[in-house]
J.: 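Here it is, the structure in full.
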Amino acid sequence: MPHATQHADAGTAELDSALRGGPFHVALRAAIAARGLPLQRVQHHLSRYGVKVGVTSLSYWQQGARRPQRPESLRAVRALEEILHLPEESLIRLLAEADDRAADRRSGVRSYRSLIEAAGVLERLLAELGAERESGLHTLGHHERVRIGACRELAERESHHIVRAYRDGVDRFVAVHHGDPGSVPDRMTVHALENCRTGRVRRHHDTGVLAAELLFDTRLRSGDTFLFRYAVEDGTAGVSREYVHGTDAPGGQYALQVCFDAGALPVRCHRFTQHSAAAPRGGRQELALSGRHHSVHLVEPRVRSGYVGIAWDWE
């Protein structure tokens with residue numbers, strides 16, 4: 001019996017090490033071995049979660065021959081975390097970190113690390129502004145228009161919000177802008193365009209995050225609807241390759257339009273979604289560039305927490 005215990009301890013140590021450092025296939029193989037489950041049993045457990053994955057695919061995943069990428073495969077990975085009694089998003093995070101390393105090789109692409117750092121900075125900036133995480137506003141509609149300039153830079157972002165107050169006394173909104181890598185928040189300008197005025201502005205240079213108060217001209221009562229519009233003039237970073245919108249609260253319709261300068265058009269564009277900062281991207285769909293206005297767009301009828309965005313490739 002001590003001999004068996006020694007093997008179990010070694011297996012647990014190997015699993016803990018793999019979950020900390022990865023890669024994904026090593027962690028998955030260690031987790032399956034630690035639970036003593038043959039792949040046929042793993043497949044059976046997955047089917048009880050409503051997820052269909054072949055034994056061959058599971059074998060490829062734990063060998064590193066293939067990597068889960070499709071939405072159904074990512075559902076399977078989340079189910080595996082429960083089946084194998086692993087911490088939530090422990091396997092998903094390892095997949096994301098692999099994407100993170102690929103992102104590091106493609107400047108201008110949001111990485112897991114940059115999203116996590118920006119979230120931490122935003123918490124501090126909101127605290128400085130005395131802003132609560134619960135804003136008192138429910139988003140009914142949000143339209144963002146991003147303009148990419150002649151030097152392929154993120155030149156400007158304009159946001160048009162339609163909101164409804166769910167408590168009395170709401171009189172402001174904190175707008176957040178996350179510039180591209182290398183951006184300089186001190187050189188960004190916030191413009192209040194409709195039904196609001198600019199209040200305090202806070203900036204964080206290292207992450208390119210800007211947070212600005214937009215003050216309403218009235219105090220909303222619970223149930224009141226309100227419309228306001230603002231823009232952030234940027235243009236402080238290098239070549240832009242994507243725009244990502246993130247939220248931690250469900251809401252109404254979200255539309256994103258990316259407009260390109262006629263002299264700097266991308267060769268292809270696609271939309272994507274991301275369940276969380278720790279999750280790899282999915283929902284990829286090619287977008288056709290409009291011939292006249294040189295723009296692409298996406299529309300989400302109902303916003304869920306997580307990220308959605310548009311990416312593009314230059315020549």
Side-chain angles (χ1 to χ4, degrees), residues 110 112-146 154 156-181 183-234 236-237 243-254 256 276-278 303-309:
R110 300 280 184 218
Y112 164 71
R113 183 176 60 252
S114 70
L115 290 173
I116 292 298
E117 289 176 351
V121 166
L122 180 57
E123 290 284 351
R124 296 199 295 273
L125 297 185
L126 292 177
E128 289 180 21
L129 294 172
E132 301 177 20
R133 292 297 297 179
E134 293 291 332
S135 65
L137 297 171
H138 176 72
T139 299
L140 302 178
H142 182 193
H143 176 203
E144 287 193 294
R145 182 178 182 273
V146 174
L154 196 166
E156 184 183 48
R157 175 179 67 87
E158 182 179 318
S159 281
H160 183 172
H161 290 262
I162 305 171
V163 297
R164 176 185 287 123
Y166 58 81
R167 67 167 182 247
D168 293 337
V170 180
D171 64 353
R172 68 195 61 206
F173 175 85
V174 176
V176 177
H177 179 74
H178 188 185
D180 280 332
S183 61
V184 185
D186 288 343
R187 289 166 43 202
M188 299 176 188
T189 306
V190 181
H191 301 282
L193 302 177
E194 188 173 0
N195 293 334
C196 60
R197 53 193 170 85
T198 306
R200 295 172 293 173
V201 179
R202 296 290 183 270
R203 299 171 169 88
H204 188 265
H205 177 80
D206 291 345
T207 55
V209 173
L210 175 149
E213 276 185 323
L214 297 173
L215 307 175
F216 305 155
D217 295 328
T218 183
R219 286 183 176 271
L220 303 179
R221 295 173 299 179
S222 180
D224 285 350
T225 56
F226 195 69
L227 182 152
F228 63 97
R229 191 164 55 94
Y230 70 93
V232 178
E233 191 176 341
D234 191 338
T236 64
Y243 182 79
V244 184
H245 170 77
T247 181
D248 57 4
Q253 185 186 80
Y254 172 72
L256 169 62
S276 68
V303 172
R304 301 177 179 87
S305 61
Y307 301 87
V308 62

J.: Decide if atom CZ of Arg304 counts as having more than 12 heavy atoms of other residues, nucleotides or ligands within a radius under 6.0 Å.
T.: no
J.: List for me each residue that meets side chain to side chain donor-acceptor pair (under 3.5 Å) alongside His138, sequence neighbours excluded, and say none if there are none.
T.: none
J.: Restricting to non-hydrogen atoms, name the atom on Ala249 and the atom on Val303 that form the minimum distance, rounded to 0.1 Å.
T.: O-CG1, 4.3 Å
J.: Check residues 165-176 and write down every donor-acceptor pair under 3.5 Å in which the side-chain atom is one partner and the other belongs to a residue at least two apart or another chain.
T.:
residue: Tyr166; atom: OH; partner: Glu134; partner atom: OE1; Å: 2.8
residue: Tyr166; atom: OH; partner: Gly136; partner atom: N; Å: 3.3
residue: Arg167; atom: NH1; partner: Glu134; partner atom: O; Å: 3.4
residue: Arg167; atom: NH2; partner: Glu134; partner atom: O; Å: 3.2
residue: Asp168; atom: OD1; partner: Ser222; partner atom: N; Å: 2.7
residue: Arg172; atom: NH1; partner: Glu213; partner atom: OE2; Å: 2.8

J.: Looking at every heavy atom in both Arg202 and Glu128, which two are closest together, and how far apart are they?
T.: CD-OE1, 3.2 Å
J.: Considering only heavy atoms from C-beta outward, does the side chain of Leu140 approach that of Thr225 to under 4.5 Å?
T.: yes
J.: Can you name the nearest heavy-atom pair linking Pro181 to Ala237, along with the distance?
T.: O-CB, 3.7 Å
J.: Is any side-chain heavy atom of Leu125 closer than 4.5 Å to one of Val209?
T.: yes
J.: Test side-chain contact (heavy atoms from CB on, under 4.5 Å) on Glu158 and Leu193 and set out the steps.
T.: CA-CA 9 Å; Glu158 182 179 318; Leu193 302 177; 3.9 Å; yes
J.: Kindly compute the distance separating NE2 (His143) from OH (Tyr254), expressed to the nearest 0.5 Å.
T.: 8.5 Å
J.: Could you grab the distance from atom OG1 of Thr189 to atom CD of Glu156, nearest 0.5 Å is fine?
T.: 10.0 Å
J.: Output all residues satisfying side chain to side chain donor-acceptor pair (under 3.5 Å) with Asp248, sequence neighbours left out; order by chain, then residue number.
T.: Arg133
J.: Side-chain contact, heavy-atom cut-off 4.5 Å: Thr218 with Leu220?
T.: yes
J.: Sequence neighbours left out, what passes side chain to side chain donor-acceptor pair (under 3.5 Å) with Thr236? Give chain and number order.
T.: Asp234
J.: Going from CZ on Arg200 to CG on Leu215, what distance comes out if it is rounded to the nearest 0.5 angstrom?
T.: 8.5 Å
J.: Test His205 against Val184 for side-chain contact (heavy atoms from CB on, under 4.5 Å), laying out the working first.
T.: CA-CA 6 Å; His205 177 80; Val184 185; 4.2 Å; yes
J.: Give, for atom OG1 of Thr247 and atom NE2 of His142, the distance between the pair rounded to the nearest 0.5 Å.
T.: 9.5 Å
J.: Identify, with sequence neighbours excluded, every residue that meets side chain to side chain donor-acceptor pair (under 3.5 Å) alongside Arg164.
T.: none
J.: Check the angle between the aromatic planes of Phe226 and Phe216 and answer parallel, tilted or perpendicular using the 30° and 60° thresholds.
T.: tilted
J.: Taking all heavy atoms of Val190 and all of Ala212, pick out the closest pair and write down the distance.
T.: CG2-CB, 3.9 Å
J.: Looking at Thr207, is its backbone amide N or carbonyl O close enough to the side chain of His178 to form a donor-acceptor pair, meaning the two atoms are under 3.5 Å apart?
T.: yes
J.: Can you find a pair of side-chain heavy atoms, one from Phe228 and one from Arg197, that are under 4.5 Å apart?
T.: no
J.: Run the side chain to side chain contact (heavy atoms under 4.5 Å, CB included) test against Asp206 and tell me which residues pass, sequence neighbours left out.
T.: His204
J.: Check Gly208 against Pro185 and note the closest heavy-atom contact, atom names and distance.
T.: CA-CG, 3.6 Å
J.: If you measure from OG on Ser183 to CZ on Arg203, what distance do you get to the nearest 0.5 Å?
T.: 11.5 Å
J.: How long is the gap from CD on Glu144 to NE2 on His245, to the nearest 0.5 Å?
T.: 5.5 Å
